Amino acid sequence: DVKVTQSSRYLVKRTGEKVFLECVQDMDHENMFWYRQDPGLGLRLIYFSYDVKMKEKGDIPEGYSVSREKKERFSLILESASTNQTSMYLCASSLGVSGQPQHFGDGTRLSIL
Amino acid sequence: AQTVTQSQPEMSVQEAETVTLSCTYDTSENNYYLFWYKQPPSRQMILVIRQEAYKQQNATENRFSVNFQKAAKSFSLKISDSQLGDTAMYFCAFMKHGNQGAQKLVFGQGTRLTINP
């Protein structure tokens with residue numbers, strides 16, 4: 001089975017801090033994704049990567065950056081955390097073949113105080 | 001841009017009943033994929049079912065089946081003989097056909113389904 005592991009289940013940070021969310025997958029997937037999930041809004045794509053060192057903006061990239069130095073790891077960075085970034089963050093991965101389903105991690109519930 | 005709409009924020013049924021979750025989408029693409037994902041309380045999002053738009057036959061997975069109406073851009077999920085373990089948020093999602101940048105999902109807002117004993 002595919003395993004997507006997110007480094008923290010719960011995280012509390014302060015406004016203005018630089019925050020790192022880490023995601024690792026063990027199935028050699030080409031694609032990796034970061035979403036945020038908010039009630040009533042579903043999942044919205046922040047960034048995705050289809051190859052090492054490649055990244056593309058999703059629908060809501062403002063205030064975030066990403067890093068993919070190795071194929072299995074995709075990091076989401078909040079450069080200067082703000083209270084409106086309090087949310088559930090989900091990482092996912094998929095094979096680089098059209099139509100393949102994405103596999104999700106357990107999520108990180110991030111609170112910015 | 002593609003959009004996905006789930007018009008039922010919450011639903012509730014009795015155990016063993018059949019329930020149908022609605023999903024509509026808007027796209028100008030002819031070739032694409034549709035998915036239903038399930039997110040149980042405090043647990044991981046998992047794939048329920050997948051449909052390829054170029055296949056007319058509706059996908060089924062055990063008690064889960066879809067009614068795919070391409071012309072109407074409708075993709076509903078039917079759960080038969082519902083069980084307590086089906087209690088979850090359900091998300092409908094759309095993916096274009098193509099390479100690299102096309103392989104991202106567009107999600108609906110979700111439907112919170114509760115199965116009552």
Side-chain angles (χ1 to χ4, degrees), chain A residues 1-6 9-10 23 25 27 29-61 66 68 74 87-109, chain B residues 1-10 21 23-25 29-55 59 61 64 66 88-112:
Chain A
D1 276 354
V2 176
K3 188 153 181 69
V4 179
T5 303
Q6 294 185 229
R9 198 73 194 269
Y10 300 93
C23 176
Q25 50 96 2
M27 283 301 292
H29 283 172
E30 288 81 9
N31 298 331
M32 295 190 76
F33 307 84
W34 274 107
Y35 297 90
R36 66 176 280 175
Q37 181 180 1
D38 299 289
L41 298 178
L43 278 73
R44 294 178 292 167
L45 182 65
I46 304 171
Y47 268 97
F48 70 101
S49 167
Y50 53 83
D51 200 354
V52 176
K53 296 192 186 295
M54 303 301 290
K55 60 184 179 183
E56 283 198 24
K57 293 180 180 179
D59 300 318
I60 51 166
V66 290
R68 194 168 181 201
F74 192 37
S87 186
M88 170 72 86
Y89 290 86
L90 294 175
C91 176
S93 71
S94 69
L95 280 170
V97 176
S98 188
Q100 290 301 298
Q102 293 179 15
H103 301 266
F104 287 83
D106 287 338
T108 296
R109 187 164 293 282
Chain B
Q2 288 73 31
T3 59
V4 178
T5 302
Q6 294 177 247
S7 58
Q8 306 150 311
E10 292 189 26
L21 309 183
C23 173
T24 59
Y25 57 94
E29 304 285 328
N30 187 53
N31 201 4
Y32 50 87
Y33 307 88
L34 295 163
F35 303 82
W36 278 99
Y37 279 88
K38 168 185 176 180
Q39 187 181 41
S42 301
R43 290 179 62 190
Q44 193 179 46
M45 182 100 73
I46 57 173
L47 177 70
V48 176
I49 204 164
R50 172 183 175 272
Q51 175 79 41
E52 298 168 353
Y54 56 86
K55 287 188 177 178
E61 285 289 339
F64 298 86
V66 298
M89 280 291 287
Y90 287 82
F91 292 97
C92 177
F94 172 98
M95 181 190 294
K96 289 194 301 186
H97 176 80
N99 293 326
Q100 297 178 342
Q103 294 165 16
K104 53 186 178 179
L105 287 170
V106 177
F107 284 88
Q109 304 92 327
T111 295
R112 184 176 301 279

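Below, chain A is the first sequence line, B the second, and so on; all start at residue 1. Since the structure is predicted, the reported quantities are computational estimates derived from the model, not experimental observations.
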Cut-off 3.5 Å, side chains only: do A:E30 and B:Q103 have a donor facing an acceptor?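 Checked: A:E30/B:Q103 side chains show no N/O donor-acceptor pair below 3.5 Å.
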[X] versus chain B, heavy atoms under 4.5 Å apart: side chain, backbone, both or neither?
X      : result
A:N31  : side chain
A:F104 : both
A:L41  : backbone
A:R9   : side chain

Heavy-atom distances under 4.5 Å only: say whether [X] touches chain A with side chain, backbone, both or neither.
X     : answer
B:R43 : backbone
B:E52 : neither
B:Y32 : neither
B:M45 : both

Pairs satisfying salt bridge (Lys or Arg N to Asp or Glu O under 4.0 Å), at least one member in residues 93-107 of chain B, at least two apart: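 Those involving residues 93-107 of chain B do not exist here.
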With a 4.5 Å limit on heavy-atom distance, are the side chains of A:Y35 and B:L105 in contact?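 Result yes, sub-4.5 Å side-chain heavy-atom pair found.
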How long is the span from the [atom1] atom in [X] to the [atom2] atom in [Y], to the nearest 0.5 Å?
X      : Y      : atom1 : atom2 : result
A:Q6   : B:Q44  : CD    : CD    : 9.0 Å
A:Q102 : B:F107 : CD    : CZ    : 6.0 Å
A:Q100 : B:R50  : CD    : CZ    : 6.0 Å

Mind checking side-chain contact (heavy atoms from CB on, under 4.5 Å) for B:N31 and listing every partner two or more places apart, or none if nothing turns up?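 Scan of B:N31 (side-chain contact (heavy atoms from CB on, under 4.5 Å), adjacent residues dropped) gives B:Y54, B:H97.
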Who wins among A:R109, A:R44, A:Q37 for the most heavy-atom pairs under 4.5 Å with chain B?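 That would be A:Q37.
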If you take all heavy atoms of A:S98 and B:G98, which pair is closest and at what distance?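 Distance-wise, the nearest heavy atoms are OG-N, 2.9 Å.
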